[in-house]
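Just follow the structure's listing: the first ligand is 1, and inside any ligand the first atom is 1.
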Amino acid sequence: MSNTSSAQKKRVLSGMRPTGKLHLGNYMGALKNWVGLQDKYDCYFFIAVWHALTTDYADPSQVRENTLDVALDWLGAGLDPEKCVIFAQNQVKIHAELHLLLSMITPLGWLERVPTYKEQQENITGKDLSTYGFLGYPLLQAADILIYQADYVPVGQDQVAHVELTREVARRFNQFYKVQDADRRAQGAEILPEPQVLLTPSPKLPGTDGRKMSKSYGNTVLLTDPEPVVRQKLKPMVTDPARVRRTDPGNPDVCPVGDLHKVFSDQETIAKVYAGCTTAGIGCIECKGWAADSIVRELVPIQERRSKYEQNPQLVQEILNAGSKKATERAEQTMQEVRTAMGLAENLVGETVR
Ligand code: TRP
Ligand code: SF4
């Protein structure tokens, strides 16, 4: 694996909080895209366990199981530990060291102005989020990204502000501290290069109640749902309200089931849906059955792969251990430069501090 092409690949980093079993929205809006990035880039994907604790600190009882579920869904979806580095944040503890050091240079106002901060504080009721850890959420995320000197961060629109903060923190860091190596500095190298967002296009994906699919709405189809559950969940879905009777024609463009077809069905099926719906040639029950067919076709290989790992949690842990080791090695490279810059590289007798 020491060929030059892998050394020249751009680095990609992204993460997900361990919120439990993933649904089709998580898959289409992130995970499927990651699977496609593994061949082209030097990829690091991690489970943001500490980020989960910023909101769930009072009841961390689900964190361990949720972490396993996310790891299983990733492996099931086709993230391949031979191609990318998969790890858990809390196993690579130097993320916390960089977070701490970045906190020294980060003005409070920058964190208070991150739009998700006030929004989440208002929207998440029943949890006290007036904590230091919650305010620092995006700074921890900045540390996650910058510690790998990542070129690209594949995320959805909701995370763009966090990557923007990451860039600002990197810029401020680089103003204070310069690369030591004269040659690298002459080439314009910086200790913490500014990463770019790789915006994940997320298709309109309705949940079973017609609203955006989201865990908090309880309207999801899980990657682990067996075929009968998928069918059962689609059956009561709302359709084009114009189709009151079977004989009324409808329009797939204003129907959540139509949206599902656009995401999961092949061209031929989509053509059948348009023809049948607009002429009242098909019923909605039949149409939902086809949508379920398309979803099941996507899920079957994921569930097959997942079930192999499910029976072997030991293997999953070993994958995370190996990933953490690789991630730590790469992160250490960056941290040597950071420690040098901040006067922490050597102990009292001149030995390198690790
Ligand atoms: N905040 C991200 C989310 O809610 C998770 C995350 C944590 C992340 N650290 C990251 C994403 C670093 C990209 C890069 O999904
Ligand atoms: Fe929606 Fe299909 Fe019914 Fe048309 S036939 S309204 S696309 S469910």
Starting from [atom], find the nearest protein heavy-atom neighbour and note its residue, name and distance.
atom: atom 5 (S) of ligand 2; value: Arg243 NH1, 3.1 Å
atom: atom 5 (C) of ligand 1; value: Gly15 O, 3.7 Å
atom: atom 8 (C) of ligand 1; value: Gln141 NE2, 3.5 Å
atom: atom 2 (Fe) of ligand 2; value: Cys287 SG, 2.3 Å
atom: atom 3 (Fe) of ligand 2; value: Cys284 SG, 2.3 Å
atom: atom 9 (N) of ligand 1; value: Asp144 OD2, 2.7 Å

Less than 4.5 Å apart, side chain to side chain, heavy atoms only: is that true for [X] and [Y]?
X: Leu344; Y: Val338; value: no
X: Arg17; Y: Asn66; value: no
X: Asp128; Y: Tyr57; value: yes

Geometric N/O contact Gln159 with ligand 1, under 3.5 angstrom:
yes
In sequence, state the C-alpha distance, the side-chain angles, and the governing distance for Lys233 and Ile295, and then conclude on side-chain contact (heavy atoms from CB on, under 4.5 Å).
CA-CA 12 Å; Lys233 282 184 172 178; Ile295 290 172; over 6 Å; no
Any atoms of ligand 1 less than 4.0 Å from a non-hydrogen atom of [X]? List them with their elements.
X: Leu13; value: 12 (C), 14 (C)
X: Tyr137; value: 1 (N), 2 (C), 3 (C), 4 (O)
X: Ala48; value: 7 (C)

Using distance alone, with no hydrogens and no angle criterion, decide if Gln149 and Gln333 have a side-chain donor and acceptor under 3.5 Å apart.
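No, Gln333 and Gln149 have no side-chain donor paired with an acceptor closer than 3.5 Å.
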For [X], atoms of ligand 2 separated by under 4.0 Å from a heavy atom:
X: Val257; result: 8 (S)
X: Pro252; result: 7 (S)
X: Asp240; result: 6 (S)

For ligand 1, the portion of [X] having any non-hydrogen atom under 4.0 Å away:
X: Ile145; result: side chain
X: Gln89; result: neither
X: Val155; result: side chain

Reference residue Asn321; test side-chain hydrogen bond (donor to acceptor under 3.5 Å, both in side chains); the match among Glu318, Gln317, Lys325:
Gln317
If hydrogens are left out, which of His51, Met16, His162 has an atom nearest to atom 7 (C) of ligand 1, that is, the closest non-hydrogen atom?
His51
For [X], does the [atom1] atom sit with more than 12 other heavy atoms under 6.0 Å from it, leaving out its own atoms?
X: Glu112; atom1: CD; answer: yes
X: Glu65; atom1: CD; answer: no
X: Lys10; atom1: NZ; answer: no
X: Arg64; atom1: CZ; answer: no

2.8 Å cut-off met by an N, O or S atom of Cys277 to atom 4 (Fe) of ligand 2
yes
Could you tell me whether atom 1 (Fe) of ligand 2 has an N, O or S atom of Cys255 under 2.8 Å away?
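Of the N, O and S atoms in Cys255, at least one lies under 2.8 Å from atom 1 (Fe) of ligand 2, which means yes.
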Any cation-pi pair here, Arg11 with Tyr148, using under 6.0 Å and within 45°?
no
Show the numbers, then the answer: is there a side-chain hydrogen bond (donor to acceptor under 3.5 Å, both in side chains) between Glu351 and Asn347?
CA-CA 5 Å; Glu351 295 157 343; Asn347 71 10; 2.6 Å; yes
